[in-house]
Amino acid sequence: MSDIWWMILRRLALGVLTLFVVTLLIFGAIQLLPGDPAQAILGQAATPETLAALRTELGLDLPAWQRYLNWISGVLHGDFGVSLANKRPISELIAGRLANTLFLALYAAVIAVPLSLALGILAALWRGSWFDRAINVLTLSSISFPEFFVAYILIFWLAQSGLFPSISNIPPGAPLAEKLYRTFLPALTLTLVVTAHMMRMTRAAIINLLASPYIEMARLKGMGPTRVIVHHALPNALAPIINVVALNLAYLITGVVVVEVVFVYPGLGQLMVDSVAKRDIPVVQAAALIFAAAYILLNLAADVLSTLSNPRLVNKR
Amino acid sequence: MTEAASNKPVLLTIRGLRIEGPPDEKWNEIVKGVDLSLHRGEVLGLIGESGAGKSTLGLAAMGFTRDGCRISGGSIDFDGIDLLTAPEPVRRGLRGKRIAYVAQSAAASFNPAHRLIDQYSEGPVQHGVMSKAEAQRDAMELYRRMRLPNPDEIGFRYPHQVSGGQLQRAMTAMAMACRPDLIIFDEPTTALDVTTQIEVLSAIRDIVAQFDTAAIYITHDLAVVAQMADRIKVLLHGEEVEEADTRTMLSAPREDYTKSLWAVRSFERGAQPALPAADVPVVEMRNIVAAYGPVPVLHDVSFEIHRRRTVAVVGESGSGKSTAARVITGLLPPSSGSVLFEGQPLPADYRQRSKDQLRQAQMIYQMADTALNPKHRIREIIGRPVHFYLGKSGKALTERVRELLHLIELEPDKFIDRLPSELSGGQKQRIGIARALAAEPRFIICDEVTSALDQLVAEGILRLLDRLQTEFDLAYMFITHDLATVKAIADEVVVMKDGRVVEQGPKAEMFAPPHDPYTELLLSSVPEMDPDWLDRLLAERAAGRAGGTVQASER
Amino acid sequence: MVATLRFTLWLAVAVVAAAVLGWLFRAVLTRIAPANAARLLRSAPLSASFGMAVIVFYLLVAILAPTIAPFGEREVVGAQFMPASSEFLLGTDNLGRDMFSRLVFGVRNTVSIAFITTALAFAVGAVLGLLAATVSGWIDQLLSRVVDVLMAIPALIFQLLLLTIVGTSIINMILVIALIDSTRVFRLARAVAMNIVVMDYIEAAKLRGEGLWRLIIREIMPNAAAPLVAEFGLRFCFVFLSISALSFLGLGIQPPTADLGSMVRDNATLITFGEVTPLLPAGAIALLTVAVNFVVDWMLHRASGLKE
């Protein structure tokens, strides 16, 4: 038993290490700017005074490692610094938006995960059938569509007729039902994009599994199709399915950015895009760190869960 | 047994069965009109080379075809039930309950997510034969009869916690769970080492006899089938060659093909003239100790190989025989000891060896499929060493490649521009030999070169290697687990176990007593083409002879 | 309800049209191609031949753009948002430029930039991946760990971060996307090569004393080619979508250069008025990626079929 805990512990340690290196990377990237970062950010319009002000603001008079320590200890206490653009504390800017983004991602995931697992398993079972082929072409197309194309088609089709709002601003304190209604289109867009990916991966994982000799053995023992799937295939399919789900939830994180912009949804992604345009570096760093951390944690959770679901690893010799 | 069996009622009748395989442009027939009948309690051996359609036929006896295959003609009647027209639920009700199956690889065929005993009881419980508790008690009883260690506990383990030979026995017990009328054994011992094979064979034979179960025993190994079957049917390319009861088939086969199968083991290399006293060995391993990372695999291994001599290195999987070859080739530098070539020490790492040192020692691999680059034509595969080592190019190079193809008995015009995928297994292995010869070496390592081949083809390869040795003064190191091959080709034998040399010496001495106990076990475990061999061996072992005191190393 | 019906009808028409186009294209190709290629093409499913037809069409548009487009790329030719007419086939955009001409040049620009970026990512990723797998040891360890860290940040987020720092320009975007994408190529190339490196024929070549260069080029490359070509197709789609997404967000290809992503963004307001035109550049992106995906899917299917 202890072996598997060691494995998980090692994986957790690796996750923490990765997170640490990523913070270094996100923080350190700005150091790569040739010459004076303040100059580079302000460009031609810089006056000596604004330059000096920005330098102190960025803490450029301190050595790099000290700036990193200040930044990271701030982050650990929930303080991401101050926005260059509007001088407000970043944590204040982010708090509400992060909740919105998580809400949207969760909304999409709740629809997409069961839907795509079911479709994926069905396609694997009926592989080669018309259902399978139609689904294959459909999902392949859907993967190929840019998110904004899907979004605009939905707007064109569902919002124009007044069925759903095309702009998903949420008044503060709105009841859940209204929130769900107002964010239906962005959630549907994300669902469509993610479902295609997730379904294809589920299908591939199940087909891979059904080719195993122990599945043939179960059939030769006279077990019916349902029992073969539920009792023999599924316990072994957990690990691949967990990985598929995690990978796609991670993909959602990226997908949100574009969708938020299309629907003018007040989330973290939209904030990040705006800040990139303004070159508001502290905000971009904060947003990138949050997205990256979520991504790393998801992958970490998937690894740990799939390790725990592998009978070969759980029941060591 | 045979007369007794034929008096019993017929259990299974197959008439004119045709099965077609996955459509590759068009359907191709795997089984081409085979008849078969089996009485209750009778064991029928199905024998044939790869591609003979044995497994497909065996599965068809359960009314089952693999995905992509279909039955296109004929009839299958199991105890009055037409398996081809019966609805699927009826067939499903038969499988596992009245007809059971034992697969080649038990390790892959047990579900890794469930305990052995739960997989055992699944059949009886789902088919409504017993309750779960009854099935578990029954499982322990059968595990005991299959002579599994700790029969009361072993069932509560997961498949990956049990060794291969034990798994194979557990799978046979599982097949017995519903006391079926018929069991299909699909090469159940092919993946096992010889010493493990004996235990599984005897356990299978006993339990089949105890419950008077009929069986179809599929294998490519004649000596094994001789122990197991009452009757033998020989298949070739999906058609029956002949069928007879075991003793008749072994002593008086009618068809030429069967005779040639039987004759395979007749090849034996003649005794070689004695070595001059001061002969310097071509290759010498001196006190080699080697490890993969922290795992030690070779302990103080020494042996020498002389000009025109074949040294067979024998051992079971994990004995270190392939590792010895990796040390000689320089792929695995030893932690101590040295490899000498004609008296001169070779650098331990192949990257430090000179082109000429590399040229002198060549290698032929077990799997010709992976030994030849699938994207290179024969011209390049054989031509590259000629060009690389001997600097030939243009016309001279082509001429040399054609000469080499002649040597390995392949028509140059037909083969020189082919890709490996356009060759048969035996032809690929010949190309592997030609590539080694192309370097004009002094020494060739043959790593299980015949074990992936059918017996007739393997025989041809052995004869070719033997001829080339005399022609080109070569020294061979012949790695194998198959003692029949050793008998055929070796001059000297090195027996290895757990990374140590157990015994070594000239072949004649090795095959005559007295033996080291492990060599004895190994030698006596090789099945012979005599239906009484297994009985005799078990009797001897029970009396403490024939290696009966040594424990085989199970990995 | 009517909208749904109309949508379904259009979808059906599109599917049938695509199938017919694929069938025609395959029929023509099998006629003119040499015997070997023709046999291969005959086995192509309709989806793949449709894909090939579309790819050829895009290539022609990209090459012949100046001839096809009636107006210049940056030429203001009329008022803003003029409706479609015989003069302006698709109307005019938010600055009064001819939408059709912008679309043609947009295809040319976006496709060629995406192609250059993919090629760059491939050159770096594939070479390093094959090298890492072949030499193994600490070089492999080092490269793999670096790639692990770079891949721990989601691609789009990383792109945004880097673009903030280096500023938005076409060159910067190409470099940033190529860098991030090369990590994915590295992973795949290394994995593919790893499976090949363990083969006995590679061991035989090493023991023969072949140099690293020949090992990679002559022994490994020919066997890695099929999956790498398929991956090139997939990567191209990914890069093409990335560039479009960045341009759509206003952070990629900058005006006045015509490109598909920013065209959607610039004219998005029209959609709320029930105009289809802004969907056209988005559709143009989708059509090409669908086409490439169809062809790649066929190639992968063939490769896996041959293995069995």
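Here is the naming used below: chain letters follow the sequence lines, and residue numbers restart at 1 for every chain.
Of the two parts of C:Leu156, the backbone and the side chain both hold a non-hydrogen atom closer than 4.5 Å to a non-hydrogen atom of chain A. Within the 4.5 angstrom heavy-atom criterion, only side-chain atoms of A:Thr18, from C-beta onward, approach chain C. Both the backbone and the side chain of A:Val137 come within contact range of chain C, judged by heavy atoms closer than 4.5 Å. Both the backbone and the side chain of C:Phe294 come within contact range of chain A, with heavy atoms under 4.5 Å apart. Using a 4.5 Å cut-off between heavy atoms, A:Ile153 touches chain C through backbone and side chain atoms alike. For A:Arg200, the part lying near chain C is the side chain, with the backbone staying farther off; criterion is any non-hydrogen pair under 4.5 Å. C:Asp297 touches chain A through its side chain: at least one heavy atom from C-beta onward sits under 4.5 Å away, while N, CA, C and O do not. Looking at A:Asn299, neither its backbone nor its side chain comes within 4.5 Å of chain C, counting heavy atoms on both sides. Heavy atoms of A:Ala250 lying under 4.5 Å from chain C are absent altogether.
Ring to ring, A:Phe149 and A:Phe145 are close: their centroids are under 6.0 angstrom apart.
The number of heavy-atom neighbours closer than 6.0 Å to CZ of A:Phe131, taken from other residues, nucleotides and ligands shown, is above 12. Other residues, nucleotides and ligands contribute only 12 or fewer heavy atoms inside 6.0 Å of the CZ atom of C:Phe57.
When side chains are defined from C-beta on, C:Ser144 counts as touching C:Phe186, because their heavy atoms get closer than 4.5 Å. Proximity of C:Thr164 to C:Leu251: side-chain heavy atoms (C-beta onward) are nowhere separated by under 4.5 Å.
Under the 6.0 Å distance and 45° angle rule, C:Arg235 does not count as a cation-pi partner of C:Phe232.
With respect to chain C, the highest number of heavy-atom pairs below 4.5 Å among A:Asp274, A:Val257, A:Ile155 belongs to A:Val257.
Taking the six-membered ring where tryptophan is involved, the planes of C:Phe236 and C:Phe240 are essentially parallel, since the angle between them stays under 30° and well short of 60°.
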